[in-house]
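Here the structure comes first, spelled out in structure tokens, and everything after it is commentary.
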There are 2 protein chains.
Amino acid sequence: MKSSRQPSLLDQHCDYLKHIFRLQQAQSPVSTSALAESLKVAPSTVTDTLKKLSQKGLINYTPYHGITLTPKGEKLAVKAIRRHRIVERFLTDMLGFEWHEAHEEALRFETQLSDEVERRLFVALNRPKVCPHGYPIPSKVEDVRVEETTLYSLEPGERAEVISVKDDEPELLQFMASLGIKPGVKIKVVAKDPFKGPLQAVVGRNRRTVGWHLANSIHVRKLD
Amino acid sequence: MKSSRQPSLLDQHCDYLKHIFRLQQAQSPVSTSALAESLKVAPSTVTDTLKKLSQKGLINYTPYHGITLTPKGEKLAVKAIRRHRIVERFLTDMLGFEWHEAHEEALRFETQLSDEVERRLFVALNRPKVCPHGYPIPSKVEDVRVEETTLYSLEPGERAEVISVKDDEPELLQFMASLGIKPGVKIKVVAKDPFKGPLQAVVGRNRRTVGWHLANSIHVRKLD
DNA sequence: ATTATAATTTCGGCATTCCGAATTTTCAAG
DNA sequence: CTTGAAAATTCGGAATGCCGAAATTATAAT
Ligand SMILES: [Mn+2]
Ligand SMILES: [Mn+2]
Ligand SMILES: [Mn+2]
Ligand SMILES: [Mn+2]
């Protein structure tokens, strides 16, 4: 396919930047294999693309030694993340999608939207602060901040408010919703089994059992 | 790019079907060169793609003798047209775009939308009957009907209602809007110069001069 | 320092979409 | 019937994105 815009970014490249940005938060520099797994392509494919991104000045790439985003790449990554979250919001607020559908649905077409459509969507949605999963809709790099504390890190007796939940596993999200867990909800941990065992908690006014994986997908802020 | 869906249609193919459908209304079978011009690609490229479409059973293709849509291809073309018009409506009604922007903006991302998003958009828009330019939003082949009469075919003294206006030339649309011409508006032809000369008309309560090309881009229905 | 293992890159290849130049086919005129 | 121009197709080739297998590099263990 002939690209309609020469200087601008290929959709695929935006995708790479988004994934690199996310992986970078856990570990920097990001490795080829981590990116490959995240993007679900072969490592050799990633190496190909990395060279192009490097040439465009979007990443610092030292063969065999991983990659980091350049300031320019970081800006574009934030732009892509912002767009993704606005589109998610559109899908839930204006079209009535469930939050577990919104993430994947957004991925389908978000890269094709013009800046103008994004701007107008944001306005039509009343300038939302967060996506349906509780993550901030960023304007700049500093805005992309994730609550460090997860539900699993709480000790029995502690109370916390759910800030955001990982949105990349639809089934997990759906199950979470069935437990009444979503941003804004208050949770009190009652008990926690050792060895990454499940956790007992009161969600709203229901008693729930929450497994390790699920509890670690929930970002919270401790209350008093 | 790896396609996520094997049996389904490539975006490009939908595009071909849409164009073939439109050209077919003027002349059937459609020629390679007509399609090439419409799609703005080289004739050799069209020939390549035609073979693929033919193999998928979407068109009847006899080399050197033009193409027609099969029933299957026709159905998909109508589906694509429907989607386009719903998205245009979304852009004008929900995001406040001008109608001259809506058409091109829609082309950018319409092919990426899932059926479910389309369905929900349609409902959220209150099941509109026509696109912003006055063309029907079709459910089946028969629904795609264009008013045959254009403003230019009227004789002085005749009155008509604007039904739809050609939407593929943004500048023309913008100019049209500045003259107060849009679907639903009533126009009375006052005079018409010979030899494809301009036409004098009363639009609403303003006197306007309308050139041949413009007047032929306006589909009308005669009144009484 | 050597060596094995894992991570990464290189290489050749496949598929798609596009193009221009050369060739083939059609069809209308003579 | 020829024949010549227009239209369409074939052919070779470029760019992109992807992959698996082979080669290379890093690095951790001996
Ligand atoms: Mn998401
Ligand atoms: Mn989200
Ligand atoms: Mn249109
Ligand atoms: Mn329209």
Side-chain angles (χ1 to χ4, degrees), chain A residues 1-20 23-24 26-56 58-68 80 107-109 111-112, chain B residues 1-20 23-24 26-56 58-69 80 107-108 111-112:
Chain A
M1 181 73 86
K2 207 181 359 184
S3 86
S4 49
R5 48 203 165 136
Q6 279 74 22
S8 186
L9 230 50
L10 274 43
D11 299 343
Q12 186 215 13
H13 291 182
C14 287
D15 233 57
Y16 270 67
L17 296 179
K18 261 199 310 189
H19 280 85
I20 295 168
L23 293 172
Q24 213 173 38
Q27 191 190 41
S28 183
V30 174
S31 71
T32 300
S33 48
L35 235 194
E37 194 188 0
S38 182
L39 290 161
K40 297 181 201 309
V41 294
S44 52
T45 305
V46 173
T47 303
D48 286 346
T49 311
L50 255 28
K51 287 178 203 154
K52 292 172 200 156
L53 290 175
S54 177
Q55 206 166 16
K56 290 201 177 190
L58 301 173
I59 61 170
N60 304 116
Y61 173 44
T62 317
Y64 293 103
H65 291 281
I67 57 200
T68 57
L107 290 180
R108 293 180 62 118
F109 66 92
T111 56
Q112 303 300 319
Chain B
M1 181 72 87
K2 207 181 357 183
S3 85
S4 47
R5 44 201 169 141
Q6 279 77 22
S8 186
L9 230 50
L10 275 43
D11 300 342
Q12 187 216 11
H13 291 182
C14 288
D15 232 57
Y16 270 68
L17 296 179
K18 261 199 310 189
H19 280 84
I20 295 168
L23 293 171
Q24 213 173 36
Q27 193 189 42
S28 183
V30 174
S31 70
T32 300
S33 49
L35 194 50
E37 194 189 0
S38 181
L39 290 162
K40 296 180 201 309
V41 295
S44 53
T45 305
V46 173
T47 303
D48 286 347
T49 311
L50 254 31
K51 287 178 204 156
K52 290 173 202 156
L53 290 174
S54 176
Q55 207 166 18
K56 290 201 178 190
L58 302 172
I59 61 171
N60 303 117
Y61 172 46
T62 318
Y64 294 104
H65 292 281
I67 56 200
T68 56
L69 291 174
L107 291 179
R108 293 179 62 120
T111 56
Q112 302 301 318

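Scope of the values below: all heavy atoms of this structure, side chains included, with no hydrogens, waters or symmetry mates. Here is how names work: the chains are called A, B, and so on, in the same order as the sequence lines, proteins then strands, and each is numbered from 1.
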In chain order, what residues pass the side chain to side chain donor-acceptor pair (under 3.5 Å) check against B/D48, with sequence neighbours excluded? none
How close or far is atom P of C/dA7 from atom CD1 of A/I67, stated in whole angstroms? 16 Å
A/S44: partners by side-chain contact (heavy atoms from CB on, under 4.5 Å), with sequence neighbours left out: A/A42
In chain order, what residues pass the side-chain contact (heavy atoms from CB on, under 4.5 Å) check against A/S31, with sequence neighbours excluded? A/S33, A/A34
Between the protein and nucleotides 8-14 of chain C, which nitrogen or oxygen pairs come in under 3.5 angstrom?
residue	atom	partner	partner atom	Å
C/dT8	OP2	A/S33	N	3.0
C/dT8	OP2	A/S33	OG	2.4
C/dT9	OP1	A/Y61	OH	2.1
C/dT9	OP1	A/Y64	N	3.3
C/dT9	OP2	A/T32	OG1	2.9
C/dT9	OP2	A/T47	OG1	2.7
C/dT9	O5'	A/Y61	OH	3.4
C/dT9	O4'	A/Y64	OH	3.4
C/dT10	OP2	A/K51	NZ	2.9

Take the protein atom CD of B/Q12 and the nucleotide atom P of C/dC19, then report the distance between them rounded to whole Å. 11 Å
Rounded interatomic separation in angstrom, taking CG from A/L10 and P from D/dC18: 10 Å
Identify each donor-acceptor pair in which a side-chain atom of residues 61-68 of chain A lies under 3.5 Å from a protein atom, sequence neighbours left out, and give them as a table.
residue	atom	partner	partner atom	Å
A/T68	OG1	A/N60	OD1	3.1

When you measure from the side chain of A/T111 to the backbone of A/L107, do you find a donor-acceptor pair of N or O atoms at a distance under 3.5 Å? no
To the nearest Å, give me how far apart CG (B/L39) and C1' (C/dC19) are. 15 Å
Gap between atoms CD and C1', on A/Q27 and C/dA7 respectively (whole Å): 13 Å
When the distance from CG of A/D11 to P of D/dG17 is rounded to whole Å, what number comes out? 10 Å
Atom pair distance, as rounded to whole Å: NZ in B/K40 and C1' in C/dT17: 18 Å
Sequence neighbours excluded, the answer for side chain to side chain donor-acceptor pair (under 3.5 Å) partners of B/T45 is none
Report yes if a side-chain nitrogen or oxygen of B/K52 is closer than 4.0 Å to either non-bridging phosphate oxygen (OP1 or OP2) of C/dT16; otherwise report no. no
